[in-house]
Every structure is written in C-alpha cells, then in structure tokens.
Amino acid sequence: MTCSSDTARLTDRFGRTVNYLRISITDRCDFRCVYCMAEEMTFLPRKQILTLEEIYTLAKAFTELGVKKIRITGGEPLVRKGALELLQNIGRIESLHELVITTNGSQLDTMAPALKAAGVKRINVSLDTLDSDKFKAITRTGDLQQVLKGIQAAKAEGFERIKINAVILKGRNHLEVNNLVQFAVDNGIDISFIEEMPLGVVSRHDRSEAYYSSELIKSDLARDFSLLASTEKTGGPSNYFKVAGTQTRVGFISPHSANFCSTCNRVRLTVEGRLLLCLGNEHSVDLKQVLRANAGDMDVLKQAIIDAMLIKPEKHEFNIHEQPVILRYMNMTGG
Ligand code: SAM
Ligand code: SF4
C-alpha cells in the first residue's frame with residue numbers, strides 16, 4: 001500500500017476536512033477531577049502508551065496530510081517526562097500553523113517560559129471555580145493558588161488569547177459562572193463553559209443530576225454582563241460572545257443543547273495510539289499497531305490515516321440521561 005500523494009488531504013464521507021489533531025500524551029494527572037476520573041485510577045503500563053518519538057512521527061504524518069493545528073493534552077500533558085522536548089520538536093514542524101496545549105495549570109508557574117520558547121501559541125487552562133475549598137472538592141487533589149500563579153506566569157509570557165475552560169456542574173460550581181467571567185475580564189483572557197460529557201463511570205457523581213445547560217449559564221451571566229453574539233469562529237465547537245466593553249470572549253461548548261458535529265474538523269489521538277474519529281463514538285483505528293508493524297514507513301502510516309477518515313461518524317451519541325456508552329475516561333482522549 002502506498003500513500004496516494006503528499007498533497008492528499010484528510011476528507012471524510014460527509015465532506016468535512018480534518019485539519020486539527022488533538023493528542024493525549026499521557027493518561028496520568030496530578031489532579032482527579034470528579035467529572036474526568038475515578039478517585040482510584042489504574043494508569044496504563046508504559047509499553048502500552050506511545051513513546052515520545054512515536055507521537056512526533058504521528059504529528060509529522062498528520063501535518064504532511066494537511067493538519068495545521070495540533071493541541072497537546074492529556075491527562076495532564078505537562079507531567080509527562082520529556083513533554084517539553086516533544087513540544088519543541090513538534091513546534092519546529094514548518095507546515096504546522098498552531099501548536100497549542102490544554103493544561104490544568106499546575107506546572108505553568110515554572111514551565112510557562114519554556115512553553116513559549118518551544119513555540120506553543122495558545123494555552124487553555126482548566127479552572128472551574130475561584131473558591132479554594134470547592135477547587136479542592138472538584139479536583140480532589142489540586143491547589144487553586146498554584147493554578148492562579150500559573151495563569152499569571154502565562155500572562156507574563158505574553159501568550160495570545162489565554163483561555164479558561166470551566167466545566168459547570170449543578171450544585172458544585174454553577175453559582176460561580178459570573179465570578180469566573182469577571183476573573184476573565186479582569187485578566188484580559190477568554191473563557192469557555194463546557195457542558196459535562198458522559199465519558200467513563202465516575203464514583204459518587206450523577207451526571208444527569210449535575211447537568212447545567214449553557215442556556216442557564218447565559219441567563220445567569222445576563223444579570224451582570226452584556227454578551228454580544230459574535231460571528232467569529234475559531235474552527236471549534238464553541239459559540240462565542242463578546243463581553244460588551246471588554247476584550248473577553250465567552251464561549252459555550254454545548255454537546256447536549258447545541259450539536260456542533262456538522263462542522264467538525266478534528267480527530268483525536270489517544271495516549272495508546274488509537275486514532276479516535278469522534279469524541280462521542282468508539283470508531284477508531286489503531287495507529288500504534290500500524291506504526292510498530294511498519295517501523296519507518298511513513299507512506300503506510302499516512303495511508304492508514306487517510307483510510308481512517310472513511311469511518312468518521314456523522315455525529316456524537318452522547319445522552320446525559322443514560323449510563324455512559326463510552327467507557328473511556330476523558331484523560332485517555334484529552335477532551
Ligand atoms: N489536564 C488538562 C486539563 O484539565 O486541562 C488536559 C486534559 S482534560 C481531560 C481536558 C479538558 O477536558 C479539561 O478542560 C476538562 O475540564 C475537560 N473534561 C474532562 N472530563 C470532562 C467531561 N466528562 N465532560 C466535559 N469536559 C471534561
Ligand atoms: Fe486531570 Fe484534566 Fe482530568 Fe482534571 S480534567 S483529572 S486536570 S486530566
């Protein structure tokens with residue numbers, strides 16, 4: 001099997017072009033957020049996860065097939081040993097337009113300058129509350145002050161459009177949406193609110209009861225802010241609004257209340273090297289197997305990626321009111 005051509009593009013059966021790859025580089029994390037992980041997690045043995053070299057080879061193959069944006073995520077990407085070198089190497093791929101990361105912020109305080117030097121363009125930091133006790137309750141192990149220091153360190157490095165990601169859960173942090181937007185405004189950064197997605201079974205947490213829709217958040221925010229609808233698209237699932245009189249944009253990622261699949265431009269590489277064609281389905285191709293069975297053969301790898309586009313599903317199948325059909329946790333796929 002040979003790759004048809006280096007100018008081949010990744011297009012699926014529904015005419016969508018894939019130009020965005022998200023890579024989970026570790027399943028491990030220093031936090032245990034209630035919506036993401038069980039309290040007691042068993043992590044994968046090392047040989048089951050992609051090596052840093054394999055991740056780089058895959059990133060290279062995808063960029064040769066037209067991928068312009070790569071997001072490094074996890075688990076907590078910055079706790080993987082060698083993460084920085086990997087970012088530096090990916091950052092040097094010429095045809096890549098944007099290298100970005102999603103982090104819980106725990107390591108940003110010390111790593112922000114090195115990330116900037118590695119060519120990381122933008123940083124998303126997960127922050128669900130500004131209350132230390134609630135932060136501890138949601139993350140189980142996290143320290144709010146450490147994350148806030150990290151955000152300041154990233155600001156000091158001058159990263160473009162730092163963004164907070166907040167998963168809003170009824171009864172846990174839904175009363176804080178206004179404070180979070182005020183924090184974003186005060187710091188000149190953006191914020192996206194994410195509806196929880198049913199990935200993996202987590203203990204002592206009922207997802208259906210915790211569901212708090214984007215529409216409810218919008219009406220809460222209307223008490224203090226004027227949100228101006230924006231036509232701006234970032235190529236992602238967020239619907240954006242501008243907070244009037246500020247530079248801050250507020251996004252809503254609403255898999256349940258506003259389906260965004262028709263414009264999906266992304267695929268995900270799990271920590272085990274499984275190419276996942278949709279976050280809310282199990283359609284996938286084992287690229288680690290392709291890579292390890294054909295060491296050094298870029299054409300075979302690229303053809304496998306092109307072929308994988310044929311099984312990208314039309315839309316996700318999330319249903320917040322049912323037990324999850326997707327048994328993998330978010331840390332495997334990186335959100
Ligand atoms: N550890 C990093 C972090 O927390 O930003 C990167 C990985 S984390 C899996 C990526 C994003 O997924 C975070 O913003 C997190 O809040 C979100 N997330 C995790 N589990 C989720 C779930 N069940 N539903 C919706 N978002 C989730
Ligand atoms: Fe860790 Fe991020 Fe999952 Fe929280 S959401 S447990 S920080 S991977």
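Remember, it's 1-based here, ligands and their atoms both numbered in the order they're listed.
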Out of Arg71, Lys121, Arg122, which residue meets the side-chain hydrogen bond (donor to acceptor under 3.5 Å, both in side chains) rule with Glu98?
Arg122

Distance-only, no hydrogens or angles: does the Arg28 side chain make a donor-acceptor pair with backbone N or O of Leu44 under 3.5 Å?
yes

Considering only heavy atoms of Cys33, which atoms of ligand 2 have at least one such atom less than 4.0 Å away?
4 (Fe), 5 (S), 6 (S), 7 (S)

Report yes if some N/O of Thr102 lies less than 3.5 Å from some N/O of ligand 1; otherwise report no.
no

Heavy-atom distances under 4.0 Å are what count here, so tell me which part of Val167 touches ligand 1: side chain, backbone, both or neither.
side chain

For ligand 1, which atoms, with element, lie under 4.0 Å from some heavy atom of Glu195?
25 (C)

With heavy atoms and a 4.0 Å threshold, my read on which part of Thr103 contacts ligand 1 is backbone

What is the ring orientation for Tyr212 with His174, classed by angle as parallel under 30°, tilted 30 to 60°, or perpendicular over 60°?
tilted

Quick one: does Gly75 get a heavy atom under 4.0 Å from ligand 2?
yes

Could you say whether the N/O atoms of Ser126 and ligand 1 ever approach to under 3.5 Å?
yes

Among residues two or more places apart or on two chains, list those pairs meeting salt bridge (Lys or Arg N to Asp or Glu O under 4.0 Å) that have a residue in residues 40-55.
Glu54-Arg292

Distance under 4.0 Å to a non-hydrogen atom of Asn165: what atoms of ligand 1 satisfy this?
14 (O)

Which of the numbered atoms in ligand 1 are below 4.0 angstrom from a heavy atom of Thr73?
6 (C), 7 (C)

Lys312 side chain vs Arg266 backbone, donor-acceptor pair below 3.5 Å:
yes

Side chain to side chain contact (heavy atoms under 4.5 Å, CB included) assessment of Ser284 paired with Leu275:
CA-CA 5 Å; Ser284 68; Leu275 180 67; 5.8 Å; no

Just wondering, is there an N, O or S atom on Cys29 that's nearer than 2.8 Å to atom 1 (Fe) of ligand 2?
yes

Between Leu86 and Ile25, which heavy-atom pair has the shortest distance, and what is it?
CD2-CG2, 3.8 Å

Let me check your reading of the structure: within less than 2.8 Å of atom 3 (Fe) of ligand 2, is there an N/O/S atom from Cys36?
yes

Select the closest option to atom 7 (C) of ligand 1 among Cys29, Gly75, Cys36, judged by heavy-atom distance.
Gly75

Hydrophobic cluster membership, Val79 vs Val120, 4.5 Å side-chain cutoff:
no

May I ask which of Arg71, Glu76, Arg22 has a heavy atom nearer to atom 2 (C) of ligand 1 than the others do?
Glu76

